[in-house]
Amino acid sequence: SPDALDLASPSGAVAVLVDPATPVTVPAEPILGLHSHVIYDGASHLGTDIAWPGVIVRSHDANISWYQLNPSNGVYNWTPLDRWLAEVQRVGATPMYTIFGTPAWCSSSASQVCHYPVLGAAAPPTAWSYLQTFLTALLAHIGSSTILRWEFWNECNIQVAGGVAAYWSGTNQQLAD
């Protein structure tokens with residue numbers, strides 16, 4: 001059975017994470033990430049006595065994706081983002097924003113079914129400048145030092161039956177560019 005330095009994977013394989021002979025230095029910045037459904041819809045489901053200093057809280061599933069914050073070209077709804085950020089900051093955690101979910105108005109495949117609750121959200125935008133404009137507006141709204149950790153797209157590698165993308169239907173090269 002694995003000891004504290006080992007990690008069992010779902011397939012049963014075991015990988016050594018740390019060589020016992022090598023000292024480990026823990027960085028001062030947050031190293032624990034959390035994908036949680038406790039801060040969403042602008043509401044806290046944490047209670048008032050919770051503190052998470054040193055934890056990174058990921059925005060995915062907080063209802064603040066690109067298509068939710070930018071419902072039409074040049075129109076932004078920052079209220080859910082502001083609520084989420086306030087709650088993450090209240091508990092002393094570090095926010096990480098997941099950039100994903102192409103709005104239908106700029107989706108290259110606006111009628112494509114995917115695992116998101118709106119059509120076309122897994123498709124690349126018709127022009128990457130739309131995403132650049134959204135991110136520029138987001139940073140102008142929150143400031144450049146509010147969110148220092150970013151994730152680009154959610155589970156872009158997951159495919160479902162027939163090769164249809166669950167969350168990303170573009171190519172890996174499109175994500176890299």
Side-chain angles (χ1 to χ4, degrees), residues 30 32-48 50 52 55-160 164-177:
L32 176 65
L34 178 67
H35 177 118
S36 174
H37 294 273
V38 296
I39 303 173
Y40 58 92
D41 289 338
S44 171
H45 303 274
L46 294 174
T48 57
I50 302 293
W52 289 351
V55 172
I56 298 169
V57 177
R58 181 176 179 236
S59 70
H60 191 271
D61 292 329
N63 294 323
I64 55 173
S65 65
W66 179 17
Y67 67 82
Q68 291 164 312
L69 298 178
N70 187 191
S72 57
N73 193 6
V75 175
Y76 305 100
N77 176 14
W78 301 125
T79 301
L81 175 69
D82 294 342
R83 289 179 183 159
W84 179 79
L85 283 170
E87 184 60 16
V88 170
Q89 292 165 352
R90 183 188 71 78
V91 298
T94 300
M96 179 174 77
Y97 187 77
T98 304
I99 304 163
F100 76 98
T102 307
W105 60 265
C106 68
S107 175
S108 60
S109 185
S111 61
Q112 179 186 59
V113 175
C114 61
H115 281 231
Y116 295 121
V118 297
L119 296 176
T126 53
W128 287 103
S129 61
Y130 291 124
L131 179 59
Q132 182 179 7
T133 299
F134 165 69
L135 293 174
T136 300
L138 188 149
L139 288 172
H141 176 72
I142 65 169
S144 61
S145 63
T146 302
I147 298 175
L148 300 177
R149 288 170 175 78
W150 300 82
E151 175 185 31
F152 195 73
W153 230 265
N154 174 59
E155 299 174 345
C156 57
N157 60 321
I158 296 179
Q159 302 289 311
V160 294
V164 175
Y167 302 105
W168 172 250
S169 63
T171 66
N172 291 339
Q173 187 63 50
Q174 286 172 309
L175 280 176
D177 289 342

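What you see is a predicted model, and the numbers here were worked out from it, not measured in a lab.
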(Q) When you measure from the side chain of Gln174 to the backbone of Thr171, do you find a donor-acceptor pair of N or O atoms at a distance under 3.5 Å? (A) yes

(Q) Between Pro124 and Ser169, is there a side-chain heavy-atom distance shorter than 4.5 Å? (A) yes

Q.
For Phe152, give me all partners under ring pair (Phe, Tyr, Trp, His ring centres under 6.0 Å), at least two apart in sequence or on another chain.
A. none

Q. Could you state the interatomic distance from CG (Leu81) to OG (Ser65), rounded to the nearest 0.5 Å?
A. 11.0 Å

Exercise answer: donor-acceptor pairs, residues 96-106 side-chain atoms, under 3.5 Å, sequence neighbours excluded:
from, atom 1, to, atom 2, distance (Å)
Tyr97, OH, Ile64, O, 2.5
Thr98, OG1, Glu151, OE1, 2.7
Thr102, OG1, Ala123, O, 2.6
Trp105, NE1, Asn70, O, 2.9

Q.
Can you confirm whether Leu69 sits close enough to Tyr76 that some side-chain heavy atom of one is under 4.5 Å from a side-chain heavy atom of the other?
A. no

Q) Side chains of Gln112 and Ser107: do they bring a donor and an acceptor to under 3.5 Å? A) no

Q) For residues Asn154 and Arg58, is any side-chain donor paired with an opposing acceptor at under 3.5 Å? A) yes

Q.
Could you walk me through whether Trp84 and Val57 satisfy the side-chain contact (heavy atoms from CB on, under 4.5 Å) test, starting with their C-alpha distance in whole Å, then the side-chain angles of each, then the deciding distance to 0.1 Å, before giving a yes or no?
A. CA-CA 10 Å; Trp84 179 79; Val57 177; 4.2 Å; yes

(Q) Side chains of Tyr167 and Cys114, heavy atoms from C-beta outward: is any pair under 4.5 Å? (A) no

Q | Distance, nearest 0.5 Å, that separates CD of Gln89 from OG1 of Thr94 | A | 9.5 Å

Counting only pairs under 3.5 Å, give me each side-chain donor-acceptor contact of residues 129-147, with atom names and distances, residues two or more places apart or in other chains.
from, atom 1, to, atom 2, distance (Å)
Thr133, OG1, Ser129, O, 2.8
Thr136, OG1, Gln132, O, 2.8
His141, NE2, Asp82, OD1, 2.7
His141, NE2, Asp82, OD2, 3.2
Thr146, OG1, Ile142, O, 2.5

Q. Which atom names give the shortest non-hydrogen contact between Trp153 and Ala121, and what distance separates them?
A. CZ2-O, 3.4 Å

Q: Measure the spacing between CD of Glu155 and NE2 of His60 and express it to the nearest 0.5 Å.
A: 6.5 Å

Q. Hey, what do you get for OG (Ser111) to CG (Leu119), rounding to the nearest 0.5 Å?
A. 7.0 Å

Q. At their closest point, which heavy atom of Ala93 faces which heavy atom of Pro95, and how far apart are they?
A. O-CD, 3.9 Å

